**Q** 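Please see the structure below; I have some questions.
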Amino acid sequence: MKRYGYGVDLGGTTCKLGLFETDGTLLDKWEIPTNREDDGKYILSDISDAIRKKTAERGLKKADIWGVGIGVPGAVDNNGVVNRCVNLGWGVVDVRGDLADLTGLPVRVANDANIAALGEAWMGAGKGYSSIIMVTLGTGVGGGVIVDGKILNGFNGAAGEMGHIRVNPDEILPCSCGNKGCLEQYASATGIVRMAKLRLQEKSPEEKDKKWENAKKETALRHHENLTAKDVFDDAKAGDAFAGKVVHEVCTILGSAIGTVCNIVNPEAVLIGGGVSKAGLILLSELEEGFHLSVFHACRNTKILLATLGNDSGILKL
């Protein structure tokens, strides 16, 4: 009897892996760097090597393993083929076929945010709800939609791509997808850092206000050698006025986008996951303004919650 399975959550920075019993019990989890060199050509072989090493380390045989479930940050068709993962450098990649050849195991492939949504619905903050939206804030912004207990995949697997909702028609810099003004450019971990650096550099009418000018000069954001989204939120929590303004700006944009999606889907709950969600309650409180500005009155009772499974949500549902 096959008792084990591997779950893989492939992100633009790291690849998270888990070894599970088929009832969902997590036995081991670890991560490897996502090697995006040469348009990501080494990513699947790195994953295969990691699975092979863990199987040997645990003294397991291939016959004991049900297979591999992998979530990828892009649209996935019914054959397990990905059509562009902009954060990985991939064009069209047969993830299911290639990874199955490398591992010798059955493989299932889905969009990473869809996988996270299923994981949260099964054992996390979405348990008990039949219709939810999952928003993952990491290197990019992903979205997964569950309606009446079923994932909404769309015509070719591209449903729920919240990160590429256009939120700023005046943006002049391109998103990784090639469009301009996408949500991902503002609310992802990389987008938050981009916005902080942009606001530090620009001159604005508010600099006429001496109090604001001093806050900008004195902000702790200037003193981080390698600024991260976590730094921005941590400094805001510590009372840094300038960091707080950056957090408010990006969260207002995020909240507005979530409200717009709720107007279409009308979910019971929206779950916020991914690395940025570790900021905690400040994230939820700051996005409220944007949410209420854009949400239809009949959808205002939608609950907005932090995902509870953390990094495990993306590796849990095989």
Side-chain angles (χ1 to χ4, degrees), residues 9-15 34 36 39-40 71-76 82-91 110-117 133-145 152 154 157-199 227-233 246-262 264-265 270-279 283 286-287 290-291 294 304 307 311 313-314:
D9 180 12
L10 177 54
T13 305
T14 60
C15 178
T34 300
R36 293 182 287 177
D39 296 326
V72 300
V76 183
V82 172
N83 182 10
R84 291 187 69 199
C85 284
V86 294
N87 292 324
L88 301 178
W90 282 354
N111 172 266
D112 57 353
N114 287 350
I115 293 291
I133 293 170
M134 178 81 184
V135 184
T136 57
L137 307 175
T139 305
V141 174
V145 180
L152 182 66
E161 283 291 346
M162 280 190 60
H164 301 288
I165 294 173
R166 195 181 191 204
V167 296
N168 181 10
D170 298 321
E171 179 62 64
I172 61 173
L173 297 175
C175 175
S176 58
C177 73
N179 292 335
K180 296 177 182 177
C182 294
L183 177 63
E184 187 167 292
Q185 291 180 270
Y186 306 90
S188 65
T190 50
I192 292 166
V193 172
R194 183 182 82 93
M195 291 301 293
K197 291 180 177 179
L198 182 64
R199 296 297 178 246
L227 185 66
T228 65
K230 182 179 185 299
D231 294 330
V232 176
F233 276 99
V246 173
V247 166
H248 181 72
E249 181 179 11
V250 298
C251 287
T252 298
I253 294 170
L254 174 63
S256 179
I258 290 173
T260 299
V261 176
C262 285
I264 300 170
V265 179
V270 176
L271 312 182
I272 312 293
V276 175
S277 71
K278 294 178 183 178
L283 179 63
E286 289 290 343
L287 64 77
F291 177 76
S294 64
I304 303 181
N311 290 338
S313 65

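Keep in mind it's a predicted model, so treat the numbers as computed, not measured. Only this structure's heavy atoms are used, side chains among them; waters, hydrogens and symmetry mates stay out.
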**Q** Do Met162 and Ile258 make a side-chain contact, defined as non-hydrogen atoms from C-beta onward lying under 4.5 Å apart?
**A**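 SC-SC contact between Met162 and Ile258 confirmed.
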**Q** So which heavy atom on Ala307 is nearest to which on Met134, and how close?
**A**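 What the structure gives for the nearest pair is CB-CE, 3.9 Å.
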**Q** Within the supplied structure, the quantity of interest is the number of heavy atoms (other residues, nucleotides, ligands) at a distance under 6.0 Å from Ile172 CD1; does it exceed 12?
**A**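 It does not: Ile172 CD1 has 12 such atoms or fewer within range.
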**Q** Show the nearest heavy-atom pair for residues Gly40 and Trp90, with the distance to one decimal.
**A**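 Between these two residues, the closest heavy atoms are O-NE1, 3.0 Å.
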**Q** Considering non-hydrogen atoms only, spot the tightest contact between Thr34 and Cys15 and give its length.
**A**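 Closest approach of Thr34 to Cys15: OG1-N, 3.4 Å.
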**Q** To the closest 0.5 Å, what do you measure between OG1 (Thr139) and CG (Leu88)?
**A**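 So the gap between those two atoms works out to 9.0 Å.
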**Q** So which atom in Pro73 and which in Asn111 form the shortest heavy-atom distance, rounded to 0.1 Å?
**A**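 Scanning both residues completely, I find the closest heavy atoms to be C-ND2, 4.5 Å.
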**Q** List the steps and the verdict of side-chain contact (heavy atoms from CB on, under 4.5 Å) for Val167 and Ser256.
**A** CA-CA 9 Å; Val167 296; Ser256 179; over 6 Å; no
**Q** What distance separates Cys175 SG from Asn168 CG, expressed to the nearest 0.5 Å?
**A**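 Output value for this atom pair is 12.0 Å.
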**Q** To the closest 0.5 Å, what do you measure between CZ (Arg166) and CG (Asn179)?
**A**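 Result: 8.0 Å between the selected atoms.
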**Q** Suppose we screen for side chain to side chain contact (heavy atoms under 4.5 Å, CB included). Which residues come up paired with Val193, at least two apart in sequence or across chains?
**A**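 Applying side chain to side chain contact (heavy atoms under 4.5 Å, CB included) to Val193 gives Lys197, Leu227.
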**Q** Where the side chain of Glu249 meets the backbone of Met195, is there a donor-acceptor pair that is under 3.5 Å apart?
**A**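 Between the backbone of Met195 and the side chain of Glu249 there is no qualifying donor-acceptor contact (under 3.5 Å).
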**Q** Would you say Ile192 and Leu137 make side-chain contact, with heavy atoms under 4.5 Å?
**A**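 In short, these two side chains do not touch, never coming nearer than 4.5 Å.
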**Q** Would you say Val141 and Tyr186 make side-chain contact, with heavy atoms under 4.5 Å?
**A**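 Side chain of Val141 against side chain of Tyr186, heavy atoms only: no contact under 4.5 Å found.
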**Q** Can you sort out the partners of Asn83 under side-chain hydrogen bond (donor to acceptor under 3.5 Å, both in side chains), two or more places apart, ordered by chain and number?
**A**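 side-chain hydrogen bond (donor to acceptor under 3.5 Å, both in side chains) list for Asn83, sorted by chain: empty.
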**Q** Using a strict 4.0 Å threshold on nitrogen-to-oxygen distance, state whether Glu161 and Arg84 make a salt bridge.
**A**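 Salt bridge flag = no for Arg84 with Glu161.
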**Q** Can a donor-acceptor pair be found, under 3.5 Å and without considering hydrogens, that links the side chain of Thr252 to the backbone of His248?
**A**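 Side chain of Thr252 to backbone of His248: a pair is present.
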**Q** For the CD1 atom of Ile304 and the CG atom of Leu271, what is their distance to the nearest 0.5 Å?
**A**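 Ile304 CD1 to Leu271 CG: 10.5 Å, rounded to 0.5 Å.
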**Q** Donor-acceptor check, side chain of Ser277 to backbone of Gly274, threshold 3.5 angstrom: yes or no?
**A**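 Yes, Ser277 side chain to Gly274 backbone: donor-acceptor pair under 3.5 Å.
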**Q** Could you please spell out the steps behind the side-chain contact (heavy atoms from CB on, under 4.5 Å) verdict for Leu283 and Cys251?
**A** CA-CA 7 Å; Leu283 179 63; Cys251 287; 3.6 Å; yes
**Q** To the closest 0.5 Å, what do you measure between CD1 (Ile133) and CG (Leu152)?
**A**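 Interatomic distance, Ile133 CD1 to Leu152 CG, rounded to 0.5 Å: 10.0 Å.
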**Q** In Å and rounded to the nearest 0.5 Å, what is the CZ to CD distance from Arg194 to Gln185?
**A**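 These two atoms lie 5.0 Å from each other.
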**Q** Taking all non-hydrogen atoms of both residues into account, name the closest pair between Leu254 and Leu183 and its distance.
**A**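 Shortest heavy-atom separation between Leu254 and Leu183 comes out as CA-CD1, 4.0 Å.
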**Q** Which heavy atom of Ala110 sits nearest a heavy atom of Ile115, and at what distance?
**A**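 Heavy-atom minimum between the residues: CB-CD1, 3.6 Å.
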**Q** Within the structure provided, determine whether Asp112 and Val72 are in side-chain contact (heavy-atom separation under 4.5 Å).
**A**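 With C-beta onward as the side chain, the pair stays apart.
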**Q** Can you sort out the partners of Thr136 under side-chain hydrogen bond (donor to acceptor under 3.5 Å, both in side chains), two or more places apart, ordered by chain and number?
**A**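 With sequence neighbours excluded, Thr136 shows a side-chain hydrogen bond (donor to acceptor under 3.5 Å, both in side chains) to no residue whatsoever.
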